[in-house]
Amino acid sequence: MCVREAGNWKNAQEGAFSSVLQPDKSISEQEPSREEMAVETDEKVKIKFPFPYTPYPIQEEFMAKLYQVLEAGKVGIFESPTGTGKSLSLICGALTWLQDFEERRRQEESQLLAAELNEKNMIEQPKMCNTEPAGSQTREPEWITQFVQKREEKEMIQRLKEEQLRRKKREERLEQIRHNVQLKYASKRKRIEEEETEQLLQHSKDILSNLGESGTLEPLDQNEEELILVEYESDEEKRVGSRLGEEEDDDIEEEHITKIYYCSRTHSQLAQFVHEVQKSPFGKETRLVSLGSRQNLCVNEEVRRLGAIQLINDRCMEMQKNKCEKKSVDEETEGKKRRVSRTVCPFYSYEHMQFLRDEVLAEVKDIEQLVNLGKEAKACPYYGSRHAIPAAQLVVLPYQMLLHEATRNASGIKLKDQVVIIDEAHNLVDTLTCIYSAQISGSQLCCSHSQLLQYMERYRKRLKAKNLMYIKQILFLLEKFVTVLGGNVNQNPNTQSIPQAGVQMKSINDFLFQCQIDNINLFKVQRYCEKSLISRKLFGFVERYGASRALKPKKEDQKMMGLQNFLQTLNKRQGKEVASAPEEAEDDQPKMASPLMHIEGFLAALTNANQDGRVILTKQGTVAQSSLKFLLLNPAVHFAKVLKECRAVIVAGGTMQPVADFREQLLVCAGVGNERIEEFSCGHVIPPDNILPIILCNGPTNQQLEFTYEKRNLPQMVDETGRILCNLCNIVPGGVVCFFPSYEYEKQVYTHWEKTGLLTRLAAKKKIFQEPKRANQVEQVLAEYAKCIKRCSQAGGPMTGALLFSVVGGKMSEGINFSDDLGRCVIMVGMPYPNIKSPELQEKIAYLDKTMPKTAGEAPGRMLVENLCMKAVNQSIGRAIRHQKDFASIVLLDHRYTRPSVLNKLPQWIKSRTQVKLNFGAAFAALRKFHCETRARYETLAS
């Protein structure tokens with residue numbers, strides 16, 4: 001019984017301590033379920049949440065529900081509109097629970113350790129007085145039986161003592177860092193002395209190395225030696241520890257304490273969250289760690305200058321490898337053969353990173369502060385922050401780092417019995433789909449084949465047998481991929497025309513059979529790519545021989561001329577493509593260091609289960625323009641691992657409606673029962689009179705508003721939309737934001753209004769701005785838009801503000817705040833349904849119709865399309881109301897919004913105040929009254 005109870009403590013981390021003190025009770029009596037605990041919490045104790053100011057009632061409800069879900073170990077879907085203090089509610093609710101959890105655990109530890117002392121005398125009693133009858137001497141003594149029963153419990157107690165000791169040392173160290181400024185200066189002075197000594201030693205070694213190598217000849221120079229693949233010894237993954245060297249001590253192996261992982265979409269959102277933590281009552285004592293990519297955290301300027309994230313990652317890994325090899329190679333002996341000039345990162349120092357770790361835990365820091373600290377401490381923030389994860393209470397990190405399993409494991413993130421909070425989670429399904437999908441072009445396939453073939457030919461005699469075997473397998477795979485696209489790897493992909501263009505959808509198995517590669521173990525090939533670092537070696541090779549400078553006139557080097565010319569042709573072609581579409585350049589993925597890196601992602605995707613994904617073959621124009629894409633259909637298989645390991649998972653957002661997609665596609669498909677799912681949605685803090693949502697069914701000339709794909713381009717529909725905008729701009733002060741379903745439709749409407757002169761009439765009242773396609777122009781447009789509105793409000797006159805044309809799903813539909821006068825009215829033109837003819841969407845619809853049950857008689861595929869539309873609408877119209885004193889009107893231009901299935905998918909705080917207007921006159925009157933009265937009321941309050 002005691003052994004089982006000890007195991008229970010390790011898994012559930014609660015309840016077993018008290019059970020040890022009551023050994024006669026059954027397990028079910030000793031340890032109440034998480035649901036029972038939550039009920040007891042609600043009924044017996046009213047939780048007090050520390051807060052920087054008096055919270056709104058909805059914030060108190062939010063925190064109480066959050067506490068209950070965390071205590072019960074459930075999955076919570078939380079919706080709290082922007083402006084209602086969602087971040088602070090998450091911080092104060094979650095950290096209050098964590099504090100209480102840690103306090104309960106400390107008390108139970110103390111009780112268990114005290115009970116252990118009392119039991120020592122009981123163990124000795126059988127030895128001192130043996131009163132067993134003579135006939136029972138053959139049985140084992142009672143004290144041995146007790147010892148065996150208590151062995152697991154004693155091991156647990158020993159672990160508790162060790163953990164207490166580590167915790168005490170850590171707290172003393174952090175307290176010393178917080179208050180002892182002299183300690184910081186001493187550490188800094190010691191680092192400077194070490195750097196000076198290291199520089200002198202390196203200078204001496206360089207001199208000796210130069211003297212020792214004079215007059216020697218070498219078949220390959222040092223840079224080229226690094227391109228050779230090392231012997232690949234095994235197909236099985238080796239367990240590689242995270243130790244940095246012999247100098248590392250056991251402190252880095254510290255056990256992960258119970259913590260909260262908070263993740264969001266962007267680094268700016270994470271930085272904003274950290275600032276909220278700093279301002280909260282928990283800002284002084286919480287051990288918070290901010291994680292990020294090397295691109296955001298690297299402080300080595302040589303590496304940062306590489307720009308592309310893949311190049312930065314590879315260079316960083318290479319420098320680590322150089323440091324490890326430097327310890328194992330006798331440099332004096334090696335120096336006689338050739339000069340050793342492999343670069344190691346000066347910031348990758350164990351001692352300095354331990355100092356950085358302690359500084360991070362001692363005081364809450366955001367990414368920018370962490371980078372500055374790394375520069376000052378001469379320590380790597382990327383690795384230093386990872387060392388702080390075990391002892392941290394709150395870990396802040398981007399979506400991808402937590403959701404992508406390989407990245408999660410590489411970062412040292414352990415989710416077992418931890419809490420995960422995913423903020424801005426409205427796009428979670430799409431995010432998971434994108435993370436585990438992959439696309440490669442015919443140009444990348446041909447380029448990789450040419451590079452790898454030339455690499456193998458040049459170094460064939462230096463490569464071991466297994467390396468050659470795997471390289472030939474990869475070459476075979478690339479050749480078959482190009483063949484299935486209708487091309488030939490031995491010809492330039494830019495000049496190979498595709499006779500029959502089209503799109504084909506294949507299951508994974510069908511694709512492998514069509515390519516005739518079903519006999520190749522893709523798992524082993526993928527593992528080889530990861531362990532051998534072949535793509536990085538290949539990039540170094542191409543960097544050397546694919547450059548514009550002339551090659552040495554050696555016989556082997558002459559073989560490289562074909563590769564050089566081929567790469568130059570591809571570069572010219574790619575340059576033309578980029579030049580022809582500069583507005584799309586900002587949205588492209590970061591340029592890969594080598595095309596093979598992209599292809600490795602595609603190979604990994606092909607190892608998914610056959611039913612969970614599809615391969616899309618797109619043939620168009622030339623082989624270079626054609627592509628292979630893996631589409632993940634079931635993101636739940638990857639999210640299930642997070643749900644299974646974590647104690648509790650919270651997904652939160654300003655607008656989570658409609659939640660059906662998320663609930664069905666991620667939670668139910670991952671095996672989460674309905675009893676474990678909790679939903680919470682709170683209203684807004686603004687008064688009911690501060691918002692006026694209107695569904696407009698007809699325009700000024702009584703033209704019915706129905707922006708279907710067939711009707712939206714009709715001249716009478718476009719003209720009617722223009723009349724509505726002209727009338728609304730006459731009565732709405734400040735800024736008006738008008739959302740169109742797509743960039744293409746916005747361009748068509750804009751061009752039509754230019755010809756009819758309607759833009760001129762609009763410009764008389766509002767200066768017109770258009771959302772740019774390039775991300776780096778968004779801030780400039782927004783700044784000019786805001787300046788115009790401010791200038792018009794101060795100067796008066798006929799022009800009352802500005803009109804901004806935006807696109808649903810574009811740069812300004814998410815993450816941009818049109819607060820106060822920047823967005824007094826938001827207009828939604830039509831319903832932004834996704835392209836139903838898209839092969840990806842069609843396959844997703846077919847997959848859902850096949851695997852998911854109908855809801856209220858409606859097919860899952862049909863619901864998916866409608867939910868995607870309404871999610872986009874909710875994100876766009878939520879841009880206007882951003883704080884308690886804000887006010888705005890929302891106008892939905894399409895009679896289809898009145899359908900119950902559509903209306904019910906609006907956020908509750910908007911839906912409850914929505915008015916349906918069948919004719920424009922009634923809508924115009926209501927809007928004019930709303931803006932006149934609301935503006936007058938706030939001007940009176942301000943004065």
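- Judged by distance alone, the side chains of Glu102 and Gln393 do bring a donor and an acceptor atom under 3.5 Å apart.
- Counting heavy atoms from C-beta on, the side chains of Phe639 and Leu428 come closer than 4.5 Å.
- If you run side chain to side chain contact (heavy atoms under 4.5 Å, CB included) between Glu679 and each of Arg663, Glu79, Lys65, only Arg663 comes through.
- In this structure, Lys365 and Leu373 have side chains that are in contact, with non-hydrogen atoms separated by less than 4.5 Å.
- A 4.5 Å side-chain heavy-atom check between Val360 and Leu288 finds every atom pair outside the cut-off.
- One finds no salt bridge joining Asp423 and Arg265 here, because no Lys/Arg side-chain nitrogen approaches an Asp/Glu carboxylate oxygen to under 4.0 Å.
- Judged purely by distance below 3.5 Å, without hydrogens or angles, the side chains of Gln107 and Arg104 never pair a donor atom with an acceptor atom.
- Checked options Val364, Val289, Leu98, Thr286; the residue passing with Leu394 is Thr286 (criterion: side chain to side chain contact (heavy atoms under 4.5 Å, CB included)).
- Sorted by first and then second residue, the pairs that involve residues 274-283 and meet side chain to side chain donor-acceptor pair (under 3.5 Å), not counting sequence neighbours, are His275-Asp366, Gln278-Gln369.
- Tyr261 pairs in a side chain to side chain contact (heavy atoms under 4.5 Å, CB included) with only one of the listed residues (Leu291, Leu402, Val396, Val649), which is Leu402.
- Glu678 contributes no side-chain N or O that, together with a main-chain N or O of Val69, makes up a donor-acceptor pair within less than 3.5 Å.
- For the pair Trp97 and Leu66, the minimum side-chain heavy-atom distance is 4.5 Å or more.
- For the pair Ser290/Leu270, no side-chain contact is recorded, criterion being any heavy-atom separation below 4.5 Å from C-beta on.
- Taking NE2 from His426 and OG1 from Thr431, the interatomic distance works out to 8.0 Å, rounded to the nearest 0.5 Å.
- Applying the ring-ring contact (aromatic ring centres under 6.0 Å, His included) definition to pairs two or more places apart or across chains, those involving residues 651-688 are Phe62-Phe680, Phe78-Phe680, His684-Trp909.
- Proximity of Phe282 to Cys92: side-chain heavy atoms (C-beta onward) are separated by under 4.5 Å at one or more points.
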Checking side chain to side chain donor-acceptor pair (under 3.5 Å) for the pair Glu103/Gln99: CA distance, chi angles, key distance, verdict? CA-CA 6 Å; Glu103 181 59 30; Gln99 274 190 351; over 6 Å; no
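- Residues Ile77 and Leu667 form a side-chain contact, since some pair of their non-hydrogen atoms from C-beta on lies under 4.5 Å apart.
- Ser876 pairs with exactly one of Val808, Ile890, Thr655 by the side chain to side chain contact (heavy atoms under 4.5 Å, CB included) rule, that one being Val808.
- Shown here for Val299 and Ala379, the closest heavy-atom pair between the two residues is CG2-O, 4.0 Å.
- Under the 4.5 Å side-chain criterion, counting only non-hydrogen atoms from C-beta, Val419 is not in contact with Cys646.
- Taking the six-membered ring where the residue is Trp, Tyr53 and Phe51 present perpendicular rings, their angle passing 60° and hence far from 30°.
- With sequence neighbours excluded, no residue satisfies side chain to side chain donor-acceptor pair (under 3.5 Å) with Ser912.
- Side-chain atoms of Asn296 and Ser293 form a donor-acceptor pair, as typed in the model, at a separation below 3.5 Å.
- Ring geometry for Tyr436 versus His638: interplanar angle under 30°, hence parallel rather than tilted (30 to 60°).
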